[in-house]
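Chain letters run A, B, ... following the sequence lines, proteins first, then strands; residues in each count from 1.
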Amino acid sequence: MKPRPNQTLPRRPSGRRSIPPAYPRHCAAPVPFCSRIENQAAPSGGRESGLTDHRDTPPSAAPPAPRPGGLAARAAALTQRAPSYLDGLNPEQRRAVETLDGPVLVLAGAGTGKTRVLTTRIAHILRLGRAYPSQILAVTFTNKAAREMKERVSAMVGEAVEGMPWLGTFHAIGTRILRRHAELVGLKPNFTILDTDDQIRLIKQILAAENIDEKRWPARTLAGMIDGWKNRGLAPEQVPAGEGAVFAAGRGAALYAMFQQRLKTLNATDFGDLLLEPIRLFRAHPDVLADYQRRFRFMLVDEYQDTNVAQYLWLRLLALEAKNICCVGDDDQSIYGWRGAEVDNILRFDHDFPGAAVIRLERNYRSTGHILATASHLIAHNEGRLGKTLFTDDAPGDKPTVTSTWDSEEEARAVGEEIEALQRNGLKLDDIAILVRASFQMREFEDRFVTLGLPYRVIGGPRFYERAEIRDALAYFRCVVQPADDLAFERIVNVPKRGLGDAALKLIHDHARAAEIPLIAAAQDLIDTDGFKPRQRLALRELLQNFARWRGELDAKPHAELAEIILDESGYTGMWQQDRSPEAAGRLENLKELVRSMQDYAGLPAFLEHVSLVMESDRADGAEAVSIMTLHSAKGLEFDTVFLPGWEEGLFPHQRALDEQGRAGLEEERRLAYVGLTRARRRAKIYFSANRRIHGLWSSTIPSRFVDELPEDHVEIEESKGKPGWGGGMAGRFASRFDSAEAFTASDYTTPGWQRARSGQGSGFSEAASSYRGTANGGRGGNGRVIEGRVIEGHVVARSVTPPAAGSDFARGERVFHVKFGYGEIVGLDGNKLTVQFDKAGEKRVLDSFVERV
DNA sequence: ACTGGCGGGGTTTTT
DNA sequence: CCCCGCCAGT
């Protein structure tokens, strides 16, 4: 990630271009884009393609006239009736929508209406009849973005969006292409998509087989390297020798090759292959490529700054023919370099796509003046950027604030106070977000909010489809649908316990390897040999017979029903029913949820594909709450008020980014700061503290350089509201360890906590100690005491200072109440930490001081 | 098959 | 400090 100069890059003479310097290792022959861009839609003139669903592909030249009564015509009619969708666009947006021919780069600053441009552009293409819905390729990174685009397009053009099969994520579209031509790259159309977990298990097997010490050369590391190579579009033989040599004494590239080999045998791909294989396919089969090039008359790409090299190559191949590619992005919001995104893609767009129109959207509709000025001033410190000047007609509004605190506890306390104040002024908690650099920062806020009884929501936790029980269930389904799925088989062969341990599995493995057949087939072969103990043979035979039987019912029974049968008959459900551990109930609940959600899909295979591509749970949590999330997951969102804690050197910018990426790393961190600031509509509040506990040790910190890079005229220094604010005899840290002093002052009985207490929701008064665990002996402080007090919805009234209780006097099985999580049962004890299975909130670890017996 | 002790690692996340 | 994964023991 070399920084690039801001100015226009030198144009190459027309004709064949050499490999762009930024991609020195770009493998195979570079794709000449073209020397000249016609400003008319290029006539394709090709014959009918070999694609399967060609009903809507016009037989010859473009532009196609919409079939009367066809989807495009209907869409057009709808949009004509509506007040013109072009109204209300500003001139730049309008230009971005209307410049249909040739490559277009829309540099869309934060909050400038980029999604609107994309969706309107699609509507515009349809309405002008320039293409059928099925001739538009629109790619996003996330399912969420794809869904949103689909919704918004459909709001504009109605049902015509149903005819847009090529609107989706890079991976979904890659999969779609790959399934159609799987045989051409050595796969079967029903190939499995492995997730990261499977990928790592597979690599572990390879490492074990190769006698490579996994301690020294972790599978995870190799997986990361392989991902990296795939991100850059490199096949095993294209891996630069130096890089391949780093792993396992020079065997990196060879191991990558073996991994690919194994994937083919398993009829599987990993995520990277969903992009790489289509590229290989296109290169090896120009006729197939030509079909797609003809098909995609218009291409739209969202978040172009996040594309990696493979995605760039993929796009460029497809855009060669029609050349109508419109990429929307913001170089200032490129924050995914560490996972392969190439800022250079966007910085070099007009170089890669000669003749490109570059349109800047600089009118911001989100933030007030001071916020915008602050963000702009900060990001101006980056050198490798195209440069935009955001402006707004909105009022200047409040200046962003910068607040210094003593330590992270005070920081959390101050933020809590602020939020309560905002709440008193009528601001909705949903409009407030805390954006942290690293997830460990979240805990302090959670603890604090639990104390305050302030509802919060952590965005970006563990995902539904990553839970063990869900993955087990899916493994059963995979075994049925895809008998060659060895990884799935291994996962569940002994779950529930069937007495088929390592020894039995090794037997099957050896045979499978020798005969080069899948494990299930190998097991079938071996079933009558005497390698197994009688009991094992029985269990294995039953399992295999079950697989065969279920497979026979695939088309006969509704898939959700079949799924339930599989889980029951396999004994999987029974396993959890017998499990008396506290999580069991939740797991059964999740399994039910899984079966329920299957009903929305056409069949088991369709569902499995959905799952592998959409690793998200969309369980909406309706209640009003403050959002806590990382800066990364905040991209694309906006809030009225944004808290930005932890602006300290080492944390933000993160030390590791600096160490590993140098200046590029720093600039990416700065972009992250920019993303954070620009999430705010009306209030941005920056915090840094002088002391922070990192890896258990308190260390003193210095303010982030980003703080000094803020424009003084637009920023206000604010005093921490997390300080006691009353003198007393207790100065300094000791005093700061007490909760907000407001609880003492008569004037402050209006805090939301008091009001909640009075209104009777929650428990009101509860006997409890405060959350203070005392400072670790690590350095400063050292007053390892716990302050006992009475908690009134989080406001601690100090009462006495005593040594920490040796343990908890709670017992397993007791019912307890917790202000935030409600009722639950204690399922585990660990000193003063309890593990409680809450009726509503699930299992949580809480301090005993936060619960009371019921 | 479970458990506990030990060692290593600790930024960000999608598909 | 705290979480996770691995391994060696019961």
Nucleotide nearest [X] (side chain, heavy atoms from C-beta), chosen from [options]:
X: A/Phe271; options: B/dT15, C/dC3, B/dT13; result: B/dT15
X: A/Ala438; options: B/dT12, B/dT13, C/dC1; result: B/dT12
X: A/His171; options: B/dG10, B/dT15, B/dT13; result: B/dT15

Inset, instruction - Under 4.0 Å between any heavy atoms, over every strand shown, what does A/Ser633 touch: base, sugar-phosphate, or nothing? Just pick one. - result: sugar-phosphate
Inset, instruction - Not counting sequence neighbours, which residues clear side-chain hydrogen bond (donor to acceptor under 3.5 Å, both in side chains) with A/Arg478? List them please. - result: A/Asp198, A/Asp485
Inset, instruction - Not counting sequence neighbours, which residues clear side-chain hydrogen bond (donor to acceptor under 3.5 Å, both in side chains) with A/Lys497? List them please. - result: none
Between [X] ([atom1]) and [N] ([atom2]), how many Å, whole number?
X: A/Arg216; N: B/dG9; atom1: CZ; atom2: P; value: 13 Å
X: A/Asp213; N: B/dG8; atom1: CG; atom2: C1'; value: 14 Å
X: A/Ile335; N: B/dT13; atom1: CD1; atom2: C1'; value: 10 Å
X: A/Leu631; N: B/dT12; atom1: CG; atom2: C1'; value: 9 Å
X: A/Arg692; N: B/dG10; atom1: CZ; atom2: C1'; value: 15 Å
X: A/Asn308; N: B/dT13; atom1: CG; atom2: C1'; value: 14 Å
X: A/Arg339; N: B/dT12; atom1: CZ; atom2: P; value: 13 Å
X: A/His632; N: B/dT11; atom1: NE2; atom2: P; value: 13 Å

Legend entry - For A/Lys264, side chain to side chain contact (heavy atoms under 4.5 Å, CB included) partners two or more places apart: A/Leu187, A/Glu277, A/Arg280
Inset, instruction - Can you tell me, in whole Å, how much space there is between the P of B/dT13 and that of C/dC2? - result: 22 Å
Inset, instruction - For B/dT12 versus C/dC3, give the span between their P atoms, rounded off to a whole number of Å. - result: 15 Å
Inset, instruction - Identify, between A/His654 and A/Thr196, the residue whose nearest nucleotide on DNA chain B lies closer to the 5' end. - result: A/His654
Legend entry - Selection residues 654-680 of chain A - residue pairs positive for ring pair (Phe, Tyr, Trp, His ring centres under 6.0 Å), sequence neighbours left out: none
Legend entry - Geometric cation-pi criterion A/Arg176 and A/Trp166, 6.0 Å radius, 45° cone: yes
Inset, instruction - Please name all residues satisfying ring-ring contact (aromatic ring centres under 6.0 Å, His included) with A/Phe652, sequence neighbours left out, ordered by chain then number. - result: A/Trp647, A/Phe706
Inset, instruction - Mind checking ring-ring contact (aromatic ring centres under 6.0 Å, His included) for A/Tyr336 and listing every partner two or more places apart, or none if nothing turns up? - result: A/Trp338, A/His632
Inset, instruction - Please examine the side chains of A/Leu318 and A/Leu315, heavy atoms only from C-beta on, and report whether any two atoms are closer than 4.5 Å. - result: no
Inset, instruction - Compare all side-chain heavy atoms of A/Ile279 with those of A/Leu317 and state whether any distance is below 4.5 angstrom. - result: yes
Atom pairs, N/O to N/O, protein against nucleotides 5-10 of chain C, distance under 3.5 Å?
{"residue": "C/dC6", "atom": "OP1", "partner": "A/Lys204", "partner atom": "NZ", "Å": "2.8"}

Inset, instruction - Check whether any side-chain N or O of A/Arg437 sits under 4.0 Å from OP1 or OP2 of B/dT12, and answer yes or no. - result: no
Legend entry - A/Glu444: salt bridge (charged side-chain N to carboxylate O under 4.0 Å, His left out) partners, not counting sequence neighbours: none
Legend entry - B/dT12 pyrimidine/purine six-ring stacking with A/Tyr336, under 5.5 Å and 30°: no
Do any N or O atoms of the protein come closer than 3.5 Å to N or O atoms of nucleotides 1-3 of chain B, and which pairs are they?
{"residue": "B/dA1", "atom": "OP1", "partner": "A/Asn494", "partner atom": "ND2", "Å": "3.4"}

